[in-house]
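Step one of this worksheet: look at the structure below.
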Amino acid sequence: MVFSSLTFIYLFLPGVLLLYFCVPTKFRNAVLLASSLFFYFCGEQIYLLLMAGETLLTYVAGRLLEILPDKAKKVTLAVFLVLSFGLLGLFKYADLIPGTVNGLAGREIFTLLRLPLPIGISFYVFQSVSYGIDVYRGKYPAEKNLLNLSLYVSFFPQLIAGPVVRFETVSENLKYRTHSIARLSEGLFRFTLGLGKKVLIADRLYAFCDTAAAAASPSLLLSWTEGLAFLLYVYFDFSGYSDMAIGLARCFGFDLPENFDYPLISTGFREFWRRWHISLGSWFRDYVYIPLGGSRKGLLIHLRNLLTVWVLTGLWHGASLNFVLWGLSFGIMLIAEVLLEKTGLFKKKKIPAVLKHILVLTLTVLFFVWFRFTDLRDALTQYGRMFGTVPLWTGSTAYLLKGFWVLLSMACLGATPLPKILYKKAENSAAGRVLAPFLRSAFIVFILIFVTAYLVDGSFSPFLYFRF
Amino acid sequence: MLKRSIAALPALSFITAVLMGTVTLFAFPKKNISEAERRPLASAPVLSCKNVMKGDYFEDLDLWTADHFAGRETLRHLRFLFQTGILNENEYNGFVNHNGYIISLPKNINSSSIAYAAERFNAVWERYLKNSGSHIYRTLVPDKSSFAGKWGYPTIDLDLMDQLYADSLPFAEAISLRDILSLEDYYYTDSHWRQEKLTPAAKHILEAMGRDSSLLDGDLETDSLYPFLGVYAGQSAMDPDPETIYWLKGGYLNELKAINLEIRAPLKIYDPEGCDPKDLYTLFLGGGLGLIRIENPDAPEGQLVIFRDSYASSMAPLLASAYRTVYLVDMRYAHPDVYGRFIPFENSDVLFMFSETLMNNSQGIR
């Protein structure tokens with residue numbers, strides 16, 4: 001089940017909200033856990049046991065890591081990490097090397113396991129691992145209530161596509177949380193905003209990319225527009241999902257961390273990754289980059305650490321070579337940024353921000369070509385088109401740009417903070433303070449009607465980040 | 001208190017809107033078919049252990065919810081308005097509206113479909129035509145989309161389509177209709193062509209087959225029926241105005257006699273009263289029938305066999321002007337095994353007349 005489905009919006013969500021607010025407070029976590037398990041079961045029947053196993057493993061590991069002596073703790077943590085990452089490795093990466101070799105050879109040298117990827121496994125394994133490591137480090141005590149820990153691992157708003165939540169972020173909320181009509185309004189507004197971003201913008205951007213890719217006469221201009229549209233699609237799809245997750249969690253009294261902060265306005269790659277998929281970036285920073293020494297052990301170690309993190313980030317997104325290349329591309333850019341800063345060439349005042357922004361955006365569009373095509377030949381064909389193997393302009397270009405310029409303009413504008421700034425400004429005015437709830441209500445109804453209109457007409461498409 | 005109530009407005013709006021959707025989803029009676037889209041709607045999911053454990057139940061529930069949502073047609077039209085009005089997109093579900101003509105734009109040529117059709121045509125040729133002494137012709141009915149290229153709409157490669165059709169019928173002589181027809185020869189809301197505008201095309205085909213087409217110059221008049229909403233009206237969700245469907249009558253057409261060979265029953269050439277009211281184009285020769293014979297007592301000796309799809313239903317009465325007997329074979333409804341029981345193929349003219357749409361979706365050919 002995905003959030004952008006009629007079944008979720010009109011059957012599951014009202015049912016859970018009704019049940020949640022009708023039962024006494026002490027049963028609310030149980031209601032949320034049961035709802036989360038049912039939500040997961042709708043999409044993954046047998047693999048529900050896998051998630052339950054990982055949760056139990058995390059619980060036992062947490063308790064042991066708290067009570068065992070130091071030496072035994074290390075062994076316990078190692079076993080826990082091997083088992084957790086082993087699970088991820090088996091289901092996500094078992095076919096990576098044989099598949100790549102087969103692909104490069106053009107024939108099946110190795111037989112592939114072809115295990116279906118359990119939905120959300122990358123998210124719940126990373127959450128479990130962060131919990132285990134933090135308990136080992138003594139950052140917080142192990143959770144003694146299995147129900148609470150299970151809810152942390154399987155909380156349906158963020159279970160299948162993040163954000164990657166740390167236990168410390170929600171541990172208080174698991175025990176005590178406040179509910180108010182204002183928070184409910186805020187949460188439902190945020191959910192609706194994300195729903196609109198996903199269904200009315202991201203899915204249409206994807207339709208543009210699809211149509212452009214199949215255009216009878218591709219052109220250089222169309223290929224670059226397609227590249228930009230794909231980047232915008234990923235942004236709206238994933239940030240839309242994060243908005244929905246944050247909004248839903250708020251309805252139930254939880255405060256999830258922000259996952260996106262207008263990454264497409266960045267003027268550098270480090271800034272980009274501080275703004276894009278923030279929860280994953282901070283996970284890799286805290287559990288890989290810093291333990292490896294970060295930037296404190298000399299330039300070479302620093303560069304090695306950057307490369308390691310970015311190869312792993314690429315691999316996290318998918319078990320194929322294109323994602324590794326995608327991660328490597330960003331890793332190399334981050335290394336280049338570090339080196340340029342050391343030479344003083346990339347310092348703030350030397351290059352105008354607008355030029356840096358254009359450079360970062362252009363390269364990001366290029367790197368996301370790797371992200372889009374699992375088959376490297378398709379990616380190379382697209383790069384060829386972007387660098388002139390096709391005419392500058394064709395009839396297909398005119399037709400498609402005429403049909404999608406409004407959407408593309410809206411998406412470009414919507415990827416900047418401008419709409420939010422304008423809205424906040426209007427909301428803070430005297431009239432705005434009075435009208436804001438009415439405007440929000442109208443916005444909610446408008447978006448719900450048009451989202452429903454798209455969903456009844458078969459525009460259903462799963463979230464991109466499902467496959468991670 | 002007032003402030004608190006106002007703060008609750010967004011939540012109340014959301015909950016009210018969602019609950020209205022939920023309640024109406026279950027409260028409204030359910031239909032089995034969508035008349036607008038002309039397709040069966042999803043049936044209710046079956047709750048069983050097997051279905052639930054395989055996940056089929058939840059997938060079926062998604063489909064059922066989408067198909068039976070209250071006000072579905074209005075919502076589809078709203079989507080059309082949003083997509084073309086606010087987002088200013090050219091297409092909606094692959095449809096465009098050009099000066100009132102609703103056109104479905106195919107994205108590509110389905111070569112495997114054409115290969116399958118070729119294989120079926122070849123089987124018929126080997127079995128019935130190879131040694132029959134017949135003259136064999138082929139004509140491809142252009143889709144409305146094939147005229148759209150000149151206005152900038154993306155179209156399939158028409159030369160390639162013609163070539164693939166030619167390759168699928170290597171034993172047949174070509175008769176091209178591309179230069180004879182125009183978009184105005186088709187209905188606004190339907191995929192089909194208009195019979196009253198087909199006389200030049202019919203004469204072109206007859207002359208290419210060496211037949212006398214003079215009966216078509218006789219006193220023919222038109223009759224009509226209103227309102228007519230074609231297949232694209234509902235599929236496109238554009239909510240167009242109804243139009244009028246026309247047919248030719250008078251002259252030799254009044255003398256034509258048709259028979260449904262499969263049940264050996266007389267058949268009306270035009271049946272505006274008895275046709276499917278949801279698809280008025282079925283008024284031509286009863287719509288989808290496998291084997292039909294038309295007799296024209298006013299025509300010279302000669303027999304024509306048309307292997308065809310629905311476009312021929314309106315064309316065949318015009319081609320019958322030059323033949324005493326015309327057989328129509330719809331390969332989607334009649335199995336090749338039975339052709340020989342009803343049709344003497346010897347020394348006939350044989351015309352393969354299929355639309356681009358069918359060639360691109362030929363799975364139904366038997």
Side-chain angles (χ1 to χ4, degrees), chain A residues 1 5-7 9-11 13-15 17 41-46 180-182 184-189 191-192 200 204 207-208 211 214-216 251 395-396 398-400 402-407 410 434 437-438 440-445 448-450 452-460, chain B residues 4-23 25 52-55 57-59 61-69 71-84 86-93 96 107-108 149 152-157 237:
Chain A
M1 197 188 301
S5 70
L6 295 169
T7 331
I9 300 167
Y10 290 98
L11 299 177
L13 183 57
L17 280 171
F41 179 77
C42 290
E44 292 285 18
Q45 291 74 43
I46 298 300
S180 69
I181 196 75
L184 186 65
S185 283
E186 186 66 34
L188 292 173
F189 177 75
F191 173 76
T192 313
L200 303 181
R204 295 315 302 154
F208 169 78
T211 316
C251 294
S396 298
Y399 178 77
L400 284 169
K402 180 176 165 278
F404 284 97
W405 73 269
V406 175
L407 174 75
M410 277 169 60
V434 178
F438 295 97
R440 285 184 169 219
S441 304
F443 176 83
I444 284 174
V445 172
L448 268 181
I449 288 174
F450 283 100
T452 307
Y454 267 82
L455 295 178
V456 296
D457 205 16
S459 69
F460 171 84
Chain B
R4 206 174 129 87
S5 302
I6 290 175
L9 263 180
L12 284 176
S13 306
F14 183 95
I15 292 165
T16 309
V18 165
L19 285 182
M20 274 173 65
T22 310
V23 169
L25 175 63
V52 169
M53 288 313 292
K54 278 176 70 186
Y57 179 81
F58 304 106
E59 283 175 20
L61 186 63
D62 274 335
L63 294 175
W64 180 84
T65 313
D67 270 4
H68 297 279
F69 205 86
R72 187 168 184 276
E73 290 314 318
T74 311
L75 286 165
R76 289 181 68 238
H77 184 57
L78 271 179
R79 181 187 162 184
F80 161 73
L81 293 176
F82 179 83
Q83 197 160 308
T84 57
I86 296 177
L87 294 183
N88 198 37
E89 288 188 29
N90 299 321
E91 299 176 23
Y92 176 79
N93 278 355
V96 291
K107 296 298 173 207
N108 44 43
Y153 296 107
T155 56
I156 55 171
D157 184 338

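A quick note: this is a predicted structure, and the numbers were derived from the prediction, not measured. Reminder, nothing fancy here: chain letters follow the sequence lines and each chain counts from 1.
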- For residues B/Asp67 and B/Arg72, determine if any side-chain heavy atom of one lies less than 4.5 Å from a side-chain heavy atom of the other. yes
- Task: Output yes when a side-chain donor or acceptor of B/Asn90 lies under 3.5 Å from a complementary backbone atom of A/Tyr399, and no otherwise.
- Result: yes
- Item | Nearest non-hydrogen partners of A/Pro14 and B/Leu19, listed with the distance | CB-CD2, 4.2 Å
- Closest non-hydrogen atom pair, B/Pro10 against A/Pro437: CG-O, 3.8 Å
- Task: Please look at A/Thr192 and chain B and tell me whether the side chain, the backbone, both or neither of the residue comes under 4.5 angstrom of a heavy atom of that chain.
- Result: side chain
- Message: Please classify the contact of B/Phe80 with chain A as side chain, backbone, both or neither, using a heavy-atom distance under 4.5 Å.
- Response: neither
- Could you go step by step and tell me if B/Val18 and A/Leu17 meet the side chain to side chain contact (heavy atoms under 4.5 Å, CB included) rule? CA-CA 12 Å; B/Val18 165; A/Leu17 280 171; over 6 Å; no
- Item | Residue selection (most heavy-atom pairs with chain A, distance under 4.5 Å) from B/Leu78, B/Leu75, B/Leu81 | B/Leu75
- Message: Please classify the contact of A/Phe189 with chain B as side chain, backbone, both or neither, using a heavy-atom distance under 4.5 Å.
- Response: neither
- Item | Pick from B/Leu12, B/Val52, B/Ile15 with the largest number of heavy-atom pairs that fall under 4.5 Å of chain A | B/Val52
- Does some side-chain heavy atom of A/Ile46 sit less than 4.5 Å from a side-chain heavy atom of B/Met53? yes
- Task: Examine whether an atom of B/Ile156 lies under 4.5 Å from a heavy atom of chain A, and if so say whether it belongs to the side chain, the backbone or both; otherwise answer neither.
- Result: neither
- Side chain of B/Thr155, backbone of B/Gly149: donor and acceptor closer than 3.5 Å? no
- Message: I need the residue from B/Gln83, B/His68, B/Glu91 with the largest number of non-hydrogen atom pairs under 4.5 Å to chain A.
- Response: B/Gln83
- Item | chain B contact via A/Phe41 - which portion, at a heavy-atom distance below 4.5 Å | both
- Item | Heavy-atom proximity to chain A below 4.5 Å, by part of B/Asn108 | neither
- Task: Measure the shortest side-chain to side-chain distance between B/Arg79 and B/Arg76 over non-hydrogen atoms and say whether it is less than 4.5 angstrom.
- Result: no
- Please name the pair of heavy atoms, one in B/Phe69 and one in A/Thr452, separated by the smallest distance, quoted to 0.1 Å. CE2-CG2, 3.5 Å
- side chain to side chain donor-acceptor pair (under 3.5 Å) between B/Tyr57 and A/Gln45, worked out: CA-CA 11 Å; B/Tyr57 179 81; A/Gln45 291 74 43; over 6 Å; no
- Query: Can you tell which of B/Leu63, B/Leu61, B/Thr74, B/Thr16 has the highest number of heavy-atom pairs within less than 4.5 Å of chain A?
  - Reply: B/Leu61
- Message: Under 4.5 Å from any heavy atom of chain A, what part of B/Glu59 do you find: side chain, backbone, both or neither?
- Response: neither
- Check each atom of B/Val23 against the heavy atoms of chain A and say whether the ones under 4.5 Å are side chain, backbone, both or neither. neither
- Item | Selection from A/Ala182, A/Cys42, A/Cys251 maximising heavy-atom pairs under 4.5 Å formed with chain B | A/Cys42
- Message: Report which part of B/Leu25 has an atom under 4.5 Å of a heavy atom belonging to chain A: side chain, backbone, both, or neither.
- Response: side chain
- Would you check if B/Thr22 and A/Leu11 make a side-chain contact, meaning some heavy-atom pair closer than 4.5 Å? yes
- Query: If you count heavy-atom pairs under 4.5 Å with chain B, which of A/Leu448, A/Ile449, A/Val445, A/Thr211 comes out on top?
  - Reply: A/Leu448
- Item | Region of A/Ile444 in contact with chain B, defined by heavy-atom distances below 4.5 Å | side chain
- If you tally heavy-atom pairs under 4.5 Å against chain B, which of A/Phe443, A/Phe208, A/Phe404 wins? A/Phe404
